[in-house]
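A short write-up of the structure that comes next.
Any value given below was found using the heavy atoms of this structure, including those in side chains, with hydrogens, waters and symmetry copies removed. In what follows, chains carry the letters A, B, and so on, assigned in the order in which the sequence lines appear, proteins first and then strands, with residues in each chain numbered from 1.
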Amino acid sequence: MDKSLWLLMLACALGTFLLRALPLIWMRRHLDRLSISNNSGAMPIWLTVLAPTMIAAMFGVSLVPAHPGLSSWLATLSGGLCTILVWRRTRSLGWPVCGGVAVYGVVVVLLRILA
Amino acid sequence: MSSVETAKNSAWQQGTRDALPLLGGYIPVAISFGLIAVQSGFSAQETVLISTLIYAGASQFLFIAMVASGVPLWLVLVMTLLINARHLVYGPNIAPYLSNSRWWPLLMHGLTDQIFALAHTRLPQLAEKDRMGWYISAALIAWLSWILGTAVGAIAGAEITSRWPLLGEVMPFALPALFLVLLAPRFTSVQWTLTMLATIVAALVLKLMGMTNSAIPLAALCGVSLFYLMQAKLKAEGKAHG
């Protein structure tokens, strides 16, 4: 990486850290001022809606396979369904991802053998 | 060992136990990140440093892709921060459970989507004195697994792809699977379900149209707009009936 890329990376890292740390500092001061322990009324609604929609948008973008085609879409659908099923059973974060990736891989291999 | 020490250890152990399932999601995604970054022209050291310092999955992939495709640097910075803007809501949501220790803001480097989800559930259940130990333990496990996974992907990436070429094709699915798991608990009402589905479809269509860089913020704005439209409709109906 040249100097400008290093600076860019450091700026991204610092910016990301500040996005995580500054709202906490702000909210702690806000709570101190109000002397309350429940922040549900203090959070702007748009902020609580924007967080999950950003993750939903990232999910939508990441769904598109690197090489879109019938087999990759079928594998994506199967992997997604498996992820949901495992999540419903375990309510954990790691196992559904492992299961989804495994099924995605199996479908890719099976379709390759059948083709 | 005194009872105080036992309690402290137990909080740290609890944090480790809670964070272990994250490894299944973190390591495959981190390996695929390391692999993609090296394939995009970054060195192994640079790739590991990106994971250590930026430490935000989706935006790291975007960072690599945008730099590799020659996008202006200011746009890379804006897009990275825009994607990570969702983190703005995490700190305030867990603030009521945190002490006034000056270390907490520094520890927010480890506040990823998954750690937030864990912390939001676990912190209220823990005694105040145990919360920092639990958080450091869980966040450290997640951070180190991300760095280690990246290093494995970056260093052994070429060998992994040559020996098991299918892995490079299959492993990136860990990313949508991870987002799906994070989203699943959100499908709690018709309003949220429609908002989520509209956002996902919008992002997918925009990506397929080639609008890779703007798909995420535009789709998120679509979702927020739809949420507010439904909110207004529900209020109007409530007034009409009430």
Does any heavy atom of chain B fall under 4.5 Å from the side chain of [X], the backbone, both, or neither of them?
X	result
A:Val101	both
A:Leu10	side chain
A:Ile25	side chain
A:Arg88	neither
A:Thr76	both

Note: vs chain A, highest number of non-hydrogen pairs under 4.5 angstrom among B:Leu206, B:Ile200, B:Leu197 is B:Ile200
Which value, rounded to the nearest 0.5 Å, describes the distance between A:Thr53 atom OG1 and B:Leu221 atom CG?
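These two atoms lie 8.0 Å from each other.
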Measuring from B:Leu180:CG to A:Thr83:OG1, what's the distance to the nearest 0.5 Å?
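Atom-to-atom, B:Leu180:CG and A:Thr83:OG1 are 5.5 Å apart.
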Counting C-beta onward and ignoring hydrogens, is there a side-chain heavy-atom pair between [X] and [Y] closer than 4.5 Å?
X	Y	value
A:Thr16	B:Leu81	yes
B:Pro185	A:Trp87	yes
B:Phe179	A:Leu63	no

When you measure from the side chain of A:Arg20 to the backbone N and O of B:His87, does any donor-acceptor pair fall under 3.5 Å?
no
Residues A:Trp6, B:Leu49; criterion side chain to side chain contact (heavy atoms under 4.5 Å, CB included); working and verdict
CA-CA 10 Å; A:Trp6 277 109; B:Leu49 212 57; 3.2 Å; yes
Can you list the steps and then say if A:Met9 with B:Phe63 is a side chain to side chain contact (heavy atoms under 4.5 Å, CB included)?
CA-CA 9 Å; A:Met9 197 267 282; B:Phe63 178 91; 4.0 Å; yes
Determine, stepwise, if the pair A:Phe17 / B:Leu111 fulfils side chain to side chain contact (heavy atoms under 4.5 Å, CB included).
CA-CA 9 Å; A:Phe17 170 70; B:Leu111 193 68; over 6 Å; no
Counting heavy-atom pairs under 4.5 Å to chain B, which of A:Pro68, A:Ala21, A:Ser4 comes out on top?
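Greatest number of close heavy-atom pairs with chain B: A:Ala21.
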